[in-house]
Amino acid sequence: MTAVKAIALAASLFVPSLAAAQDTDAILEARQGFMSLLSFNMGKLSGMAKGEIEYDAEAASVAASNIVALTNYDIWPLFVEGTSSEDLDNSDALPAIWENPDDFRAKFAALREAAAGAPATVGGGQEALGPALQQLGGACKSCHDDYRKDD
Ligand code: ASC
């Protein structure tokens, strides 16, 4: 092995622990896209709850089912170390996520539990939306309070 190769190999051993610069953009894009999908479906439900969107039982159930599907997505690979709000300007993910990974995962699991019954509930009439949204929004907020940087 030449000295140059040895140095390159030694250097490469340090790289895998951090997201490569090239990957970071893709990770953030996917992570923020995931959050946008959650928010988009929450927005449908809250629009109907407020009367800004006409209530439609089927559309409400679809939005809630989409939230269920999203909560079954394994988001942990999107939370790669080196992508916190202290590492990147365009990240709102607080470093606390990586300091308390079990709690972070438990809070996402709580959203999954809150969402589980929602498709049936929100199909039951416009008045069912408020309580369902309180449950879902409460789970969103409890995680954001600890792990998302304030705007
Ligand atoms: C949403 C959304 C959030 C949560 C949060 C709940 O619809 O985009 O981030 O609900 O506002 O408190």
Side-chain angles (χ1 to χ4, degrees), residues 12-151:
S12 74
L13 296 177
F14 294 96
V15 173
S17 62
L18 285 180
Q22 198 183 347
D23 290 342
T24 301
D25 287 346
I27 290 164
L28 275 198
E29 199 178 335
R31 190 161 83 201
Q32 291 168 359
F34 176 86
M35 295 298 174
S36 296
L37 283 174
L38 273 175
S39 178
F40 179 80
N41 287 285
M42 285 292 281
K44 283 245 154 143
L45 294 174
S46 72
M48 285 190 220
K50 291 184 207 149
E52 289 163 4
I53 302 172
E54 196 181 341
Y55 176 73
D56 176 321
E58 177 65 24
S61 286
V62 167
S65 296
N66 284 338
I67 293 170
V68 171
L70 291 165
T71 63
N72 281 294
Y73 188 91
D74 182 353
I75 59 170
W76 193 240
L78 298 176
F79 287 86
V80 174
E81 234 168 314
T83 64
S84 81
S85 56
E86 293 200 347
D87 301 311
L88 305 167
D89 285 343
N90 51 347
S91 170
D92 287 337
L94 290 177
I97 291 168
W98 292 273
E99 288 154 18
N100 311 283
D102 292 344
D103 184 60
F104 177 76
R105 285 162 185 254
K107 288 197 154 80
F108 190 62
L111 175 63
R112 188 180 311 125
E113 277 165 36
T121 308
V122 301
Q126 201 250 357
E127 66 288 348
L129 288 170
L133 275 166
Q134 265 187 342
Q135 248 198 309
L136 290 167
C140 295
K141 185 177 183 306
S142 125
C143 197
H144 290 164
D145 282 351
D146 290 346
Y147 297 119
R148 186 179 66 176
K149 194 176 152 190
D150 291 337
D151 292 328

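Read the numbers this way: they start at 1 and go in the same order the structure lists the ligands and their atoms. Numbering of residues begins at 1 and proceeds along the displayed sequence.
- Taking both residues in full, the closest heavy atoms of Leu38 and Leu111 are given as CD1-CD2, 4.4 Å, listed atom of the first, atom of the second, then distance.
- Residue Tyr73 qualifies as open at atom OH: its count of foreign heavy atoms under 6.0 Å is 12 or below.
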How far apart are the C-alpha atoms of Met35 and Ser39, what are their side-chain angles, what is the distance that settles it, and do they pass the side chain to side chain contact (heavy atoms under 4.5 Å, CB included) test?
CA-CA 6 Å; Met35 295 298 174; Ser39 178; over 6 Å; no
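- The protein heavy atom nearest to atom 6 (C) of ligand 1 is Gly137 O, 3.3 Å.
- With hydrogens left out, the protein atom closest to atom 9 (O) of ligand 1 is His144 CE1, 3.2 Å, a heavy atom.
- Within 6.0 Å of CG in Asp150 there are 12 or fewer heavy atoms belonging to other residues, nucleotides or ligands.
- In terms of protein heavy atoms, atom 7 (O) of ligand 1 is closest to Met42 CB, 3.1 Å.
- Within the 4.5 Å cutoff, the side chain of Leu78 has no heavy atoms near those of the Leu28 side chain.
- Near Lys141, meaning under 4.0 Å from any of its heavy atoms, are these atoms of ligand 1: 12 (O).
- No part of Met35 comes within 4.0 Å of ligand 1, judged by heavy-atom distances.
- The residue among Cys140, Ser39, Gly43, Ser36 with a heavy atom at the shortest distance from atom 8 (O) of ligand 1 is Ser39.
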